[in-house]
Q: 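Take this structure, written in structure tokens, and hold onto it; I'll ask about it next.
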2 protein chains.
Amino acid sequence: MAKKASAQLSEYLAGQGLKSTSQRDKILAVFVEAGRHLSAEELYARIKKVHPGIGYATVYRTLKLLAEAGMAEERRFEDGFTRYEYKTSEGGHHDHLICTRCRAIVEFENERIEALQQDVARNNGFLVQSHKLEIYGLCSACQGKKNKPA
Amino acid sequence: MAKKASAQLSEYLAGQGLKSTSQRDKILAVFVEAGRHLSAEELYARIKKVHPGIGYATVYRTLKLLAEAGMAEERRFEDGFTRYEYKTSEGGHHDHLICTRCRAIVEFENERIEALQQDVARNNGFLVQSHKLEIYGLCSACQGKKNKPA
DNA sequence: TTGAAATTGAAATCCATTTTCAATTTGTTG
DNA sequence: CAACAAATTGAAAATGGATTTCAATTTCAA
């Protein structure tokens, strides 16, 4: 998986007249490895452990690059941080359930909701380009607990 | 309508041990008058024309206050600005269609989508607190036009 | 009327993100 | 392989929307 990802990146870079660098490869590897929904900050923290030389700005820049390459998706939830999600070529569109207490994020897909969105858009004369559905609430683990922790 | 709004604000302020001020009244009046989805910046611009003495920070603070009072709702779309929407006591929840070209915002309500969201949440053990659905696309007026303007 | 507490405007600060810039690296060309 | 133009990097500075600070002013209960 990581190998395919770096190949995909190289291909994109070559096609754009951009250059492959060890930093980009390393950042991508950690990003893919880490799982989903990382903020630049979180990713930088992970990178730093393995590759202390890599700078802050490079992580930000690479994340933006991956988004342009179609390999990552930018997400802005309500906590002020931009998060990036690794986008496998197969993985279809999905939306998010977000726990307001522990910040857990659960992904879901629902075709009926998507279809209804198309209907709504059509009824208003809109041509849909993208959409964003976030459901905020308490996950099952947090429903029993007391009020906000820290 | 504006009268009811200022009465509602006064009531909230009194209940919280906060104070009524002419600035708050004026800001609220312009906010209610202006219609929906104003950023603090936009509201400040409007305020400045009528009440040049009112400061920037006060507009921000008042908007946050109105949100706390339940009289306004904070919305963050993808353009980086926090927008506020005047919330009438009757007006139910609604979502948004947003034109990516001209930034027009159309509101809609769809009970079936809401119901499906509840289903999705329940299936994942979530207790819903709020949600956010934004559909981005081209409005009918913009579909015929060439690429991005400015 | 008085004074403690809240509020204000202006400016300073915050903070995630972006940009600048000199130094370094890449990869193409000869 | 050498040489160079263009891209990239890291560190630090800048950006920009939003928030906070602070001294001065206003509110409102007593």
Q: Considering only heavy atoms from C-beta outward, does the side chain of A:R83 approach that of A:E42 to under 4.5 Å?
A: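 They are in contact (side-chain heavy atoms under 4.5 Å apart), so the answer is yes.
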
Q: Between D:dT27 atom P and B:D25 atom CG, what is the distance in whole Å?
A: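 Atom CG in B:D25 sits about 10 Å away from atom P in D:dT27.
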
Q: Rounding to an integer number of Å, can you tell me how far A:Y56 OH sits from C:dT18 C1'?
A: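 My rounded result for the distance is 10 Å.
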
Q: Could A:E78 and B:K132 be called an ion pair, given the rule that one side-chain N must be under 4.0 Å from one carboxylate O?
A: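 Between B:K132 and A:E78 there is a salt bridge, with a charged N closer than 4.0 Å to a carboxylate O.
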
Q: I need the NZ-P distance between B:K19 and C:dA6, as an integer number of Å.
A: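 Whole-Å distance recorded here is 7 Å.
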
Q: Between C:dT8, D:dA18, D:dA12, which one does the side chain of B:Y60 approach most closely?
A: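 Closest nucleotide among those given: D:dA18.
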
Q: If we count only N and O atoms by modelled type, under 3.5 Å, do the side chains of B:E74 and B:Y84 hold a donor and an acceptor together?
A: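 Yes.
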
Q: When the nearest nucleotide of DNA chain C is assigned to B:S20 and to B:Y44 on a heavy-atom basis, which residue is associated with the more 5' position?
A: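 Whichever sits nearer the 5' end wins; that is B:S20.
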
Q: Looking at D:dT26, I'd like to know if its phosphate oxygens (OP1 or OP2) sit under 4.0 Å from a side-chain N or O belonging to B:Q23.
A: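 For D:dT26, OP1/OP2 do not have a side-chain N/O of B:Q23 under 4.0 Å.
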
Q: C:dT7 P sits how many Å from B:L13 CG, rounded?
A: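 The distance from CG of B:L13 to P of C:dT7 comes to 7 Å, rounded to the nearest Å.
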
Q: Given that B:S22 and B:S39 both sit by DNA chain D, which one's nearest nucleotide is further toward the 5' end?
A: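 On the 5' side of the pair lies B:S39.
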
Q: Under 4.0 Å between any heavy atoms, over every strand shown, what does A:T82 touch: base, sugar-phosphate, or nothing? Just pick one.
A: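 Sugar-phosphate: the residue A:T82, judged by heavy atoms under 4.0 Å, touches backbone atoms but no base.
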
Q: Regarding B:Q23 and B:H51, do their side chains bring together a donor and an acceptor under 3.5 Å, going by distance alone?
A: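 No donor-acceptor contact under 3.5 Å links the two side chains.
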
Q: Tell me which residues in residues 62-81 of chain B put a heavy atom below 4.0 Å from DNA chain C, sorted by number, or none.
A: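 Heavy-atom contacts with DNA chain C come from no residue of residues 62-81 of chain B; none.
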
Q: Among B:R75, B:H96, B:E73, which residue meets the side chain to side chain donor-acceptor pair (under 3.5 Å) test with B:H37?
A: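 Option passing the side chain to side chain donor-acceptor pair (under 3.5 Å) with B:H37: B:H96.
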
Q: For B:N124 and B:F126, indicate whether the former's side chain and the latter's backbone hold a donor-acceptor pair under 3.5 Å.
A: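 No, B:N124 side chain to B:F126 backbone: no donor-acceptor pair under 3.5 Å.
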
Q: At less than 4.0 Å, is any side-chain N or O atom of B:T21 found next to OP1 or OP2 of C:dT8? Yes or no.
A: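 It does, given that an N or O in the side chain of B:T21 lies less than 4.0 Å from OP1 or OP2 of C:dT8.
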
Q: In the strands shown, is D:dA30 matched to any nucleotide by a Watson-Crick or G-U wobble pair with both distances under 3.5 Å, and which?
A: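 Here D:dA30 is engaged in a pair, and the nucleotide opposite it is C:dT1.
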
Q: Between residues 47-54 of chain B and DNA chain C, which residues have a heavy-atom gap below 4.0 Å?
A: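 Contacts with DNA chain C under 4.0 Å: B:G53, B:I54.
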
Q: Are A:L43 and A:T62 close enough that some pair of their side-chain heavy atoms sits under 4.5 Å apart?
A: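 No - every pair of side-chain heavy atoms lies 4.5 Å or more apart.
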
Q: Could you check how far CG of B:L43 sits from C1' of D:dG17, rounded to whole Å?
A: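 Distance check: B:L43 CG to D:dG17 C1' gives 15 Å.
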
Q: Calculate the interatomic distance between A:R24 atom CZ and C:dT26 atom P; express it in whole Å.
A: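 Whole-Å distance recorded here is 11 Å.
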
Q: Could you tell me how far apart A:L38 (CG) and C:dT17 (P) are, to the nearest whole angstrom?
A: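 Spelled out: CG on A:L38 to P on C:dT17 is 13 Å.
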
Q: Using a 4.5 Å cut-off on heavy atoms from C-beta on, say whether the side chain of B:R103 contacts that of B:I98.
A: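 When only atoms from C-beta onward are counted, B:R103 and B:I98 do touch, with a gap below 4.5 Å.
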
Q: In a check of side chain to side chain contact (heavy atoms under 4.5 Å, CB included) between A:R24 and each of A:L18, A:L66, A:I54, which one passes?
A: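 With A:R24 as partner, A:L18, A:L66, A:I54 yield a single side chain to side chain contact (heavy atoms under 4.5 Å, CB included), made by A:L18.
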
Q: Are side-chain heavy atoms of B:K26 and B:I47 found at a separation under 4.5 Å?
A: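 A side-chain contact is absent here, since even the closest heavy-atom pair is not under 4.5 Å.
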
Q: OH of A:Y84 versus C1' of C:dA16: gap in Å, rounded?
A: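 In whole Å, C:dA16 C1' and A:Y84 OH are 11 Å from each other.
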
Q: Taking any heavy-atom pair under 4.0 Å as a contact, classify B:R61: base, sugar-phosphate, or nothing.
A: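 Base contact.
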
